[in-house]
J.: 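Input: one structure, supplied below.
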Amino acid sequence: MSIKISALQYIQEVKSGNLSAEDFVAKTMEQIQKVDGKLHAFLSLNDNAVDQAREIDKKIKSGGKIGQCFGMPISIKDNICIKDTKTTCASKMLENFIAPYDATVITKLKQQDAIFVGKVNLDEFAMGLSTEFSAYGPSKNPWNTDYVPGGSSGGSAVSVSAFECVASLGSDTGGSVRNPASFCSTVGYKPTYGLISRYGLISYANSIEQIGPLTRTVEDAAFMLNLISGQDSNDNTTVDNKNEDYLKDIDSGIEGKKIGIIKEMLGEGIDPSVLSATKDAISKLEGLGATCEEISLDMVKYSVAAYYTITATEAGSNLARYDNLRYGYDFSVEGYEFNSYIEKARKKLGPEVTRRMILGGFVPSAGHAGKYFLKALKVKSKLTRQVNEAFEKFDLLISPTVPILPFRIGEKINDPAALFLIDINTVTANLTGKPAISIPYSISNGLPIGMQLIANSMNDKLLLQAAYALEKTVKLPEVPI
Amino acid sequence: MVSREEIEHVAKLMRIEIDDPTIYEIVDKMIGYFDILDSAGVESEDISVREIPISDLREDKYTPFDEKLIEKLNHYKGTYVRAPKMI
């Protein structure tokens, strides 16, 4: 029995009686024990996973009603609440926080008999793109453990890539699903804003973030989307997708589709191997019957600055709740003055979170809002208009997911400007609410390169069809772990 | 360029005590990068806001949340949450 199979293969094998959920989950837990000491994808493990799988096998044997996951082992980013389990956001502030309820995505997956093998690492409060800002230490890239796995959903990507689970849920505020998917050679999906409920996702920048799956194949991403998307009365930003089946007709192909190549995402600072992979992907898409043409979106140049301004502002407000009165509770209120008490509590926030909170106080403040926050919102509006106009002409847009290859751990940690540029290709989908996917495309010097496709809002199905077509042109080596 | 005093002022408002001296330089670099927004030429742009019609909101009806969240707080006493003195 191999654990190196996709979600759909797993389900098929269990359904046909060739595989028991217990054996597979037990093997997966063994794999975690074997490789995670080196990779550090997990922050906590579900000690009952194998027992839960055994229960599912019993249910299958007795002919009971089984959910669509058939006991499939899934990892969950540690900023998504699973009731009665620790949800730390990779922060010391939430070191002992036990989630009091399930996120909507968790409720949905439980109903489908998924098994959560554990909670996975991230940059503290999802602020970062390498997992180096986790308070519990970085995750390592399975392709080369001296390199970052990307982030912030780094633990999710590592766990999928290293066969420590079949699929994972991450969250994507500015590329946090797609970036690590690209760096670890997995599929990463950021849906249309509102397609997946954020209820139970610990807030960072509500207006643009979305939960998204990381999987081994595009089909698996479509399958996960089928399970977790849809309107939720606990999240007023969710949209009704009429129970769309994203898996159906996924092999429709892309003949006759028009694809725009975003000029600003192939410019300055791009690694030559990423550029040549992108050109190769474009010619493959043309070979499949699509037409590709360059398009300029000049607001992309300002998108990262707008993104950080908006997210810092929302983070400054969201993280104000961490005051040790409701979260933390490790020292008494006795003998403290209000402000000094909260200041002391906030020392548990790591350096990046502290910096972004200060930014979040500064950019929308009186005297500075006009120069920063309001201007960022205007860039967001103009960028959205430009992207909407592009979709009048094109069905899809393409760019590399990240302009560079994975970098060494520690290499850029003190260089915010260098880190900013890494987000340049991913933040546009968040600022404009569009769905986007990263597809594993090639390996250069032993490090993965992912290709990004973006579609118009609610065209998630078309996006997955195109991604599937591109994925079928690619044959990649197995991860060397 | 953002001065040390400005950063300290904002940090105080955010109830953050700065004890890491590198913060000034990094925050200044980050804000310095945001200056690029000045050249975006968006002064005349309208800010689009996401509007949700009231009819699309869920019914304005009380639904009990059956988890006793407040009782999970350590500083919970009777019907109050204890907070530090505000003077």
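Numbered from 1 within each chain, the chains take letters A, B, ... in sequence-line order. Excluded from the calculations below are hydrogen atoms, water molecules and symmetry mates; all remaining heavy atoms, backbone and side chain alike, are included.
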J.: At a heavy-atom separation under 4.5 Å, does A:S207 approach chain B through its side chain, its backbone, both, or neither?
T.: neither
J.: Hey, which of B:I7, B:V81, B:V27 has the most heavy atom pairs under 4.5 Å with chain A?
T.: B:V27
J.: Report which part of A:D330 has an atom under 4.5 Å of a heavy atom belonging to chain B: side chain, backbone, both, or neither.
T.: neither
J.: With a 4.5 angstrom heavy-atom cut-off, could you sort out which part of B:T63 is near chain A: side chain, backbone, both or neither?
T.: neither
J.: State yes or no: are the ring centers of B:F34 and A:F373 separated by less than 6.0 Å?
T.: no
J.: Do the ring centers of A:Y307 and A:F420 come within less than 6.0 Å of each other?
T.: no
J.: Tell me if a side-chain donor or acceptor on A:D123 pairs with a main-chain N or O of A:E132 at a distance below 3.5 Å.
T.: yes
J.: Where on A:Q231 is there a heavy atom nearer than 4.5 Å to chain B: the side chain, the backbone, both, or neither?
T.: neither
J.: With the threshold set at 4.0 Å, does a side-chain nitrogen-carboxylate oxygen contact exist between A:D235 and A:R198?
T.: yes
J.: Checking side-chain polar atoms at under 3.5 Å, does A:K86 have a donor or acceptor matched by the opposite partner on A:N96?
T.: no
J.: Under 4.5 Å from any heavy atom of chain B, what part of A:R346 do you find: side chain, backbone, both or neither?
T.: side chain
J.: State, with a plain yes or no, whether a side-chain heavy atom of A:V387 is found less than 4.5 Å away from one of A:L383.
T.: yes
J.: Any chance the side chains of A:Y193 and A:E209 put a donor and an acceptor closer than 3.5 Å?
T.: no
J.: Could you check which of B:S44, B:G32, B:A83 has the highest count of heavy-atom pairs closer than 4.5 Å to chain A?
T.: B:A83
J.: Hey, which of A:K301, A:K347, A:R326, A:M299 has the most heavy atom pairs under 4.5 Å with chain B?
T.: A:K347
J.: Could you look at A:L325 and say if it's the side chain, the backbone, both or neither that has a heavy atom under 4.5 Å from chain B?
T.: both
J.: Is the backbone N or O of A:T88 less than 3.5 Å from a side-chain atom of A:S91, with the two atoms forming a donor-acceptor pair by type?
T.: no
J.: Tell me which of these, B:I23, B:D38, B:D20, B:D46, has more heavy-atom pairs under 4.5 Å with chain A than the rest.
T.: B:D38
J.: Under 4.5 Å from any heavy atom of chain B, what part of A:T309 do you find: side chain, backbone, both or neither?
T.: both
J.: Please determine, among B:R82, B:K12, B:E25, the option with the most heavy-atom pairs under 4.5 Å with chain A.
T.: B:R82
J.: Quick one about A:K380 and A:N430 (side-chain donor to acceptor, distance below 3.5 Å, no hydrogens or angles considered), yes or no?
T.: no
J.: Is the gap between the ring centers of A:F133 and A:F125 under 6.0 Å?
T.: no
J.: Donor-acceptor pair, distance only, cut-off 3.5 Å: does the side chain of A:D102 make one with the backbone of A:K83?
T.: yes
J.: Does any backbone or side-chain atom of A:L349 lie under 4.5 Å from a heavy atom of chain B? Answer side chain, backbone, both or neither.
T.: neither
J.: Please classify the contact between B:L13 and chain A as side chain, backbone, both or neither, with a heavy-atom cut-off of under 4.5 Å.
T.: neither
J.: Flag this pair as yes if the NZ/CZ of B:K85 is under 6.0 angstrom from the six-membered ring centre of A:Y336 and inside a 45 degree cone about the axis; otherwise no.
T.: no
J.: May I ask you to name which of B:V10, B:V49, B:V2, B:T22 has the most heavy-atom pairs under 4.5 Å with chain A?
T.: B:V10
J.: Measure B:E59 against the heavy atoms of chain A and call it side chain, backbone, both or neither at under 4.5 Å.
T.: neither
J.: Tell me, out of A:V333, A:N324, A:V304, who's got the most heavy-atom pairs with chain B below 4.5 Å.
T.: A:V333
J.: Under a 4.5 Å cutoff for heavy-atom pairs, which residue among A:E337, A:R356, A:K344 has the most contacts with chain B?
T.: A:E337
J.: Of the backbone (N, CA, C, O) and the side chain (C-beta and beyond), which part of A:A320 lies under 4.5 Å from a heavy atom of chain B, both, or neither?
T.: neither
J.: Where does B:D19 contact chain A at under 4.5 Å (heavy atoms): side chain, backbone, both or neither?
T.: side chain
